[in-house]
S.K.: 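Here's a structure for you.
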Amino acid sequence: MNSKAKLGAVAVLATVAMTTGPAASAAVPAAAAQAVPAARTAPADPPAFAPPGPEARRRAAASAADALSARSGALFKSPDDTFTLARTVIGTRGLQYLTYARTYRGLPVYGGDVIVATDGTGDQVGSVVSGQQAEIKVDVKSKIGADAAATTARRLLPTVESTDTPRLVVHAAGPRPRTAWEVVVTGATANGTPSVLHVFVDARDGSVVDSYDDVRAGTGNSFYNGNPVTIQTSGSGGSYSMTDGTRSGLRCGGQNGAAYTGTDDSWGNGRGTDLETACVDALYAAQREWDMLRSWLGRNGFNGSGGAFPARVGLTDVNAYWNGSFTNFGRNQAGSQQATPMDVVAHEFGHAIFQFSGSGGAGSGNEAGGLNESTGDIFGALTEHFAANSADPPDYTVGEEVNLTGNGPIRNMYNPGALGDPNCYSSAIPNTEVHAAAGPQNHWFYLLAEGSNPAGKPSSPVCSGPSLTGIGIQKAGQIFMAGLNSKTTPWTHAKARAATVAAARQLFPGGCTEVNAVKAAWSAVSVPAQSGEPTCTPNPTGNDFSVAVSPSSATVQPGGSATATLSTQVTSGNAQNVTLSASGLPSGATASFSPASISSGQSATVTVATSANTPAGTYAVTLTATGPDAVHTAQLTLTVGGDGQGGGTWAAWTSYAVGDTVTYNGVGYRCLQGHTSVPGWEPPNVPALWQRT
């Protein structure tokens with residue numbers, strides 16, 4: 001997990017002028033990124049993963065193309081630049097993040113990617129960001145040959161296993177773009193840690209411009225998570241594998257990369273030194289993290305596109321790491337436990353999320369490395385809180401169960417200084433070892449989620465300013481993930497602040513609580529307000545209303561429809577014209593309002609219609625009432641495929657109540673606890689949730 005890469009230069013993100021009134025104007029400083037007025041879509045709590053349909057994706061691409069053209073100056077676009085859509089990631093509440101790769105005279109531009117964020121409909125652009133800081137004006141011819149560049153790159157690792165073919169690029173992740181050879185060297189560092197090192201060698205003079213390392217060290221019988229636990233595996237008839245057939249790419253095995261296999265679907269012996277048991281814990285944690293990403297953060301898999309990565313156990317080292325394509329887990333110093341508790345596993349897969357968010361890559365320099373390490377810690381805390389496993393109660397310390405070096409937790413998020421890491425950001429962070437440099441953002445996340453003096457939880461010191469009130473870990477996670485989706489190279493604390501402030505504005509447009517909480521938490525860890533960062537003024541006109549839906553839940557079969565009444569009431573000032581809309585609908589479903597717009601104080605009927613192809617499950621449908629002076633929402637819980645009484649076949653993502661009955665593999669079950677079914681965590685043979693009938 002150690003990074004010896006050089007520090008990248010800082011690019012400042014422009015921010016959006018925030019009010020909750022009729023118009024929000026963009027402030028456009030001279031920087032390499034520009035945020036524009038946030039879309040007035042409203043939050044759902046908790047969010048459902050409901051990918052935008054083809055039409056919404058088409059509109060997002062059209063909106064993004066317009067934004068790229070309109071903001072070419074702020075993006076430092078030269079006449080020789082070309083933008084190509086590289087990928088689209090769907091985020092919390094259906095926000096769409098379109099990443100455009102930049103080429104200059106045919107050469108890929110490292111650091112030149114542009115990320116355009118739109119709302120779920122694709123109509124409203126929330127932000128346009130890029131890490132590039134200057135227009136490219138370079139000679140694309142190389143004076144240094146590829147072989148010479150590879151020789152230079154290999155000198156950075158004491159042990160070299162292989163070297164990829166160098167590729168000629170433009171390095172634009174600093175203040176002066178230059179033509180460079182990108183060389184990927186695989187090997188090991190001086191202390192034996194595996195390394196997949198990207199080295200940029202100046203194509204004119206042969207000097208090393210920059211570098212970054214992909215490696216970030218860092219029903220079964222479980223050691224950490226209680227017994228028994230249910231994990232998703234595959235196979236039948238005496239041939240089983242620790243391969244998750246529902247999460248593409250997720251499997252667990254030994255150091256040869258192959259998944260463990262067996263003649264039955266029972267795994268491990270529950271002992272801390274047993275490798276099969278370590279895989280039980282690794283799969284359990286990775287599957288909970290996957291479910292958390294979907295249910296809480298609206299992300300589809302670790303790579304944002306429905307993909308996962310393998311896990312390996314049995315590393316003969318007091319360590320764990322992500323190497324750019326798989327996670328690898330060792331043991332504690334005493335040799336008594338494998339390093340696979342939930343927060344450590346989620347931490348390493350968190351590096352994968354970091355790498356596959358925003359413009360991608362691990363990023364160079366200790367500041368980016370510290371933010372990457374903190375990202376792993378934050379996903380560890382989120383996963384623990386989502387899982388709510390009594391065998392490993394959720395907390396904000398890292399690795400306390402494995403006792404890696406015999407000194408308890410390796411990091412403390414609510415008070416990093418308790419373990420010798422910095423609580424506050426300072427000019428020393430870019431030269432601080434990456435694990436210690438995780439301190440400021442870890443501290444920020446705790447203050448945002450829990451506050452400085454939360455009831456029943458540890459108090460957290462602030463570096464400056466007043467005491468803080470938290471907004472809850474789920475909202476904090478949504479804001480963090482949305483900010484990470486706008487990550488550009490190089491990633492800095494200043495850019496993380498700007499991105500999360502913009503994310504809070506776009507995710508929670510109806511008020512200023514979340515926006516101001518994000519800003520206050522950053523200020524509390526000494527990351528100051530950025531140039532042009534405005535204040536957030538809630539409802540400056542004083543005209544406001546409330547909204548409610550009755551009934552608040554509905555159950556339909558595929559192809560059926562349900563109706564509800566959406567009512568509004570003036571709460572202050574004057575009535576205003578309100579336009580109604582819906583988001584979070586499953587595929588094949590539509591929502592219509594009669595009438596489509598009302599005056600606050602009036603009501604409308606909403607009809608949600610599904611198609612025969614609408615997948616079974618429970619969905620959080622957000623009904624949005626948008627007026628010129630305020631935006632409010634109500635949530636309709638839509639269950640497709642359930643009848644409220646049971647009697648059918650068990651289905652994933654379905655709401656079940658106490659007493660409901662289902663069949664699964666020909667066996668009948670009765671629900672003991674109300675819940676929404678989660679694939680990979682159930683099926684209904686979990687004793688705490690289901691009883692055989």
S.K.: So, is the end of the K487 side chain (NZ or CZ) under 6.0 Å from the ring centre of F354 and within 45° of the ring's axis?
M.R.: yes
S.K.: Is there a donor-acceptor pair under 3.5 Å between the side chain of Q576 and the backbone N or O of D629?
M.R.: yes
S.K.: Between T432 (side chain only) and A437 (backbone N and O only), is there a donor and an acceptor less than 3.5 Å apart?
M.R.: no
S.K.: Under the 3.5 angstrom rule, does the side chain of T99 hit a backbone N or O of A86 as a donor-acceptor pair?
M.R.: no
S.K.: Given the ring of F508, does K475 sit roughly above its face, with NZ or CZ under 6.0 Å from the centre of the six-membered ring and within 45° of the axis?
M.R.: yes
S.K.: So do S127 and S486 actually touch side chain to side chain, heavy atoms under 4.5 Å?
M.R.: yes
S.K.: Could you tell me whether the side chain of E384 and the main chain of D395 form a donor-acceptor pair under 3.5 Å?
M.R.: yes
S.K.: Test your reading of the model: is there a side-chain donor-acceptor pair from S553 to the backbone of T637, 3.5 Å cut-off?
M.R.: no
S.K.: Between F545 and H632, does the ring-ring contact (aromatic ring centres under 6.0 Å, His included) criterion hold? Intermediate values first, please.
M.R.: CA-CA 8 Å; F545 62 92; H632 291 290; 5.0 Å; yes
S.K.: Among side-chain atoms of S305 and N303, is any donor-acceptor pair under 3.5 angstrom?
M.R.: no
S.K.: Going from CG on L580 to OG on S592, what distance comes out if it is rounded to the nearest 0.5 angstrom?
M.R.: 11.0 Å
S.K.: Going by distance alone, is a donor N or O of one side chain under 3.5 Å from an acceptor N or O of the other, for Q478 and R93?
M.R.: yes
S.K.: What about the rings of F83 and Y100, do their centers lie closer together than 6.0 Å?
M.R.: no
S.K.: Keeping T568 on the side-chain end and Q602 on the backbone end, is there a donor-acceptor pair under 3.5 Å?
M.R.: yes
S.K.: Assess, by modelled atom type and distance only, whether the side chains of S374 and Q441 contain a donor and an acceptor separated by less than 3.5 Å.
M.R.: yes
S.K.: Go through the structure and list residues passing side chain to side chain donor-acceptor pair (under 3.5 Å) with Y110, not counting sequence neighbours.
M.R.: none
S.K.: Would you kindly say whether T492 and R497 are connected by a side-chain donor-acceptor distance under 3.5 Å?
M.R.: no
S.K.: Measure up the F386 and W296 rings against each other and bin them: parallel (under 30°), tilted (30 to 60°), perpendicular (over 60°).
M.R.: perpendicular
S.K.: Ring-plane angle category for F445 and F480, please: parallel below 30°, perpendicular beyond 60°, tilted otherwise.
M.R.: perpendicular
S.K.: Centroid-to-centroid, Y446 to Y396, below 6.0 Å?
M.R.: yes
